[in-house]
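Quick notes on the structure that follows.
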Amino acid sequence: MAGLDGVEQPGQRGGATAARWVAAADDEQALKAVELFGNPTEEEVRLPSRPESAATARRLTQCVVLRQWGLGPQIAEHAILLVSELVGNAVRHTGARVFGLRMLRRRGWIRIEVRDPSRGLPCLMPVHELDTSGRGLFLVDKLSDRWGVDLLPRGKTTWFEMRVSDR
């Protein structure tokens, strides 16, 4: 804008403040989720098999990956998305009343598991450009370093692993 060089434009500062406020609110909700449901790094957290549990699982993942493990925002973003996909599959396709969420870290890797009582195996389907659903496992396959399913005597655990750098 002519004559306004060096003058801060409206909204520049407010946007950053708003982003910090939203991040702080998200962080607070993530901490509340851990208080309410437990820490999935210490033991399996059991969540009701309802669509709104995906948001709880995302908050738990955010809290663990960013705060507890201190990993970067890119790893956190991918882990949160993939948790949401696995939880969505457990809620939509298993008929379970509850599912379990567990998060593990070992040198150079993180592993996130969703356990449900169904022995029905998830299926990686081909994805086409105009598909409006069915992309969950495709995303898990593309964004994780490895993933799989462990059959249990009563149900299964669907998991993914991602490489991380240890500081």
Side-chain angles (χ1 to χ4, degrees), residues 12-94 96 98-116 121-122 124 127 133-152 155-167:
Q12 285 179 331
R13 177 174 289 163
T17 303
R20 279 193 302 274
W21 182 82
V22 169
D26 284 349
D27 201 37
E28 187 176 313
Q29 287 182 327
L31 289 171
K32 281 184 184 176
V34 170
E35 285 177 28
L36 253 123
F37 295 97
N39 186 334
T41 66
E42 295 171 2
E43 63 184 355
E44 180 181 273
V45 170
R46 294 173 54 86
L47 297 170
S49 189
R50 296 190 306 248
E52 54 271 19
S53 290
T56 302
R58 286 191 297 269
R59 288 185 188 112
L60 290 168
T61 304
Q62 172 188 344
C63 190
V64 167
V65 173
L66 288 174
R67 296 190 69 136
Q68 187 173 338
W69 290 342
L71 299 174
Q74 183 74 48
I75 292 285
E77 182 180 336
H78 288 174
I80 290 166
L81 173 62
L82 300 186
V83 160
S84 193
E85 295 299 338
L86 294 187
V87 167
N89 284 348
V91 169
R92 249 186 255 93
H93 302 298
T94 67
V98 297
F99 65 89
L101 176 66
R102 182 106 168 98
M103 299 179 193
L104 307 157
R105 180 162 185 198
R106 65 181 192 276
R107 187 175 196 80
W109 291 90
I110 63 169
R111 178 182 174 111
I112 300 180
E113 305 173 343
V114 174
R115 186 183 58 79
D116 66 68
L121 296 175
L124 179 60
V127 175
S133 66
R135 295 177 183 259
L137 284 180
F138 174 80
L139 290 171
V140 172
D141 188 57
K142 292 300 175 195
L143 296 177
S144 69
D145 289 293
R146 46 187 185 221
W147 70 276
V149 179
D150 297 331
L151 284 175
L152 306 169
K156 68 179 173 299
T157 299
T158 307
W159 54 267
F160 68 86
E161 294 182 338
M162 299 169 73
R163 282 191 180 101
V164 297
S165 60
D166 292 313
R167 296 179 209 168

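For S84 (side chain) and I80 (main-chain N/O), no donor-acceptor pair under 3.5 Å exists by modelled atom type. Side chain of R46 to main chain of G100: no donor-acceptor pair is present (N/O by atom type, distance under 3.5 Å, no hydrogens or angles).
Across L71 and S165, no two heavy atoms sit closer than the pair CD2-O, 4.4 Å. Nearest heavy-atom pair, S144 versus F160, reported as atom, atom and distance to 0.1 Å: CB-CB, 3.8 Å. Across all non-hydrogen atoms, the minimal contact from A57 to V87 is CB-CG2, 3.7 Å. Here the closest heavy-atom approach between residue L60 and residue G38 is recorded as CD2-O, 3.7 Å. Heavy atoms only, all atoms of each residue included: P51 and V91 are closest at N-CG1, 3.8 Å.
Checked for salt-bridge contact, R102 and D150 miss the test: no charged N lies under 4.0 Å from a carboxylate O. A salt bridge does not link E113 with R115: none of the charged nitrogens is closer than 4.0 Å to a carboxylate oxygen.
Separation of atoms OG (S49) and NE2 (H93) is listed at 11.0 Å; rounding is to 0.5 Å.
Residues in residues 82-93 take part in no salt bridge (charged side-chain N to carboxylate O under 4.0 Å, His left out) pair, two or more places apart or across chains.
Side-chain contact between I112 and L101 is present, with heavy atoms from C-beta onward closer than 4.5 Å. Looking only at side-chain heavy atoms (C-beta outward), L137 and N89 come within less than 4.5 Å of each other. For the pair R106 and E161, the minimum side-chain heavy-atom distance is below 4.5 Å. K156 is listed as a side-chain neighbour of D116, based on a closest heavy-atom distance under 4.5 Å. In this structure the side chain of I110 reaches within 4.5 angstrom of the side chain of W69, judged on heavy atoms. At least one side-chain heavy atom of L82 sits under 4.5 Å from a side-chain heavy atom of L139. Considering only heavy atoms from C-beta on, W109 comes within 4.5 Å of R163 through its side chain.
Contacts of K142 classified as salt bridge (charged side-chain N to carboxylate O under 4.0 Å, His left out), with partners at least two apart in sequence or in another chain: none. Contacts of N39 classified as side-chain contact (heavy atoms from CB on, under 4.5 Å), with partners at least two apart in sequence or in another chain: V34, T41, E42, V64, Q68. Taking R67 as the reference, D27, L31, C63 meet the side-chain contact (heavy atoms from CB on, under 4.5 Å) condition, with sequence neighbours excluded. Listed by chain and number, the residues in a side-chain contact (heavy atoms from CB on, under 4.5 Å) with L36 amount to none (sequence neighbours excluded). With sequence neighbours excluded, the residues forming a side-chain contact (heavy atoms from CB on, under 4.5 Å) with L66 are Q62, A76, listed by chain and number.
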